[in-house]
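Whatever order the structure lists ligands and atoms in, that order sets their numbers, starting from 1. The figures here come from the full heavy-atom set of this structure, side chains too, leaving out hydrogens, waters and symmetry mates.
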Amino acid sequence: MASNRTFTMLKPDAVEAGHIGAILNKINEAGFRIVAMEMTQLSTQDAQAFYEVHKERPFYGELVEYMTSGPIVAAILEKDNAVEDFRKLIGATNPAEAAEGTIRKLYATSISANAVHGSDSDENAAIEGAFYFGKRAQF
Ligand code: ATP
Ligand code: MG
């Protein structure tokens, strides 16, 4: 059965550009409930651990540097079919390929500065949510 939770980060480009409010509004309008949220800045160690799956990719160094370049907003979101529906709401990794109306189409500037993260599976949603919020008992 699909889990009803996913994990997101509003990335440094979106925070820097002042899009936190607009993006959270789209998330709420799409029917997601925010169950945990924190604004923070990742350390290099945090970003390396979070994106460990990409460590052999050519863009890994750039990705870690970018994700530590400014504050981010991390959140756990709840909705039926959360992982799949949130991936639809954010759109393709490359904003140039993202569908009209998606968060990346509206707010991302490039494939690396692409405004928002969304978990790609129920398993990763649970791992990523715990990475941020696991120390607090209810999450
Ligand atoms: P995310 O995991 O952030 O939700 P995604 O699942 O759409 O994004 P992934 O393939 O998991 O895409 O890549 C993780 C992140 O790495 C992307 O969001 C983007 O910031 C960066 N990235 C991916 N491909 C490239 C690339 N070719 N060049 C530069 N950065 C990239
Ligand atoms: Mg991904």
Counting only heavy atoms closer than 4.0 Å, does ligand 1 sit against the backbone of [X], its side chain, both, or neither?
| X | value |
| --- | --- |
| His54 | side chain |
| Tyr51 | side chain |
| Met67 | neither |
| Leu63 | side chain |
| Arg87 | side chain |

Pairs of donor and acceptor atoms involving the side chains of residues 16-25, under 3.5 Å and at least two apart or interchain, shall be tabulated with distances.
none

Per side-chain contact (heavy atoms from CB on, under 4.5 Å), Ile103 is matched among Leu10, Leu89, Thr8 by Leu89

Any N or O of Gly118 closer than 3.5 Å to N or O of ligand 1: yes

Geometric N/O contact Glu62 with ligand 1, under 3.5 angstrom: no

Starting from [atom], what is the nearest protein heavy atom, named by residue and atom, and what distance separates them?
| atom | result |
| --- | --- |
| atom 3 (O) of ligand 1 | Lys11 NZ, 2.8 Å |
| atom 22 (N) of ligand 1 | Phe59 CE1, 3.5 Å |
| atom 19 (C) of ligand 1 | Ile111 O, 3.2 Å |

Can Glu29 and Lys26 be counted as an ion pair, charged N to O under 4.0 angstrom? no

Do Lys79 and Phe32 form a cation-pi contact, if we require the NZ or CZ to be under 6.0 Å from the six-membered ring centre and within 45 degrees of the ring's axis? yes

Donor-acceptor pair, side chain of Asn114 and main chain of Ala108, under 3.5 angstrom: no

Between Gly129 and Phe7, the two heavy atoms sitting closest are CA-CD1, 3.8 Å

Measure across Leu77 and Val35 and return the closest heavy-atom pair with its distance rounded to 0.1 Å. N-CG2, 4.5 Å

Do any pairs count as a side chain to side chain donor-acceptor pair (under 3.5 Å) and have a residue in residues 68-78, sequence neighbours left out, and if so which ones? Arg5-Glu78, Arg33-Glu78

Taking the minimum heavy-atom distance to atom 2 (O) of ligand 1, which of His117, Arg104, Met9, Glu128 ranks first? His117

Identity of the nearest option to atom 7 (O) of ligand 1, non-hydrogen atoms only, from Thr93, Thr8, Asp13, Asn114: Thr93

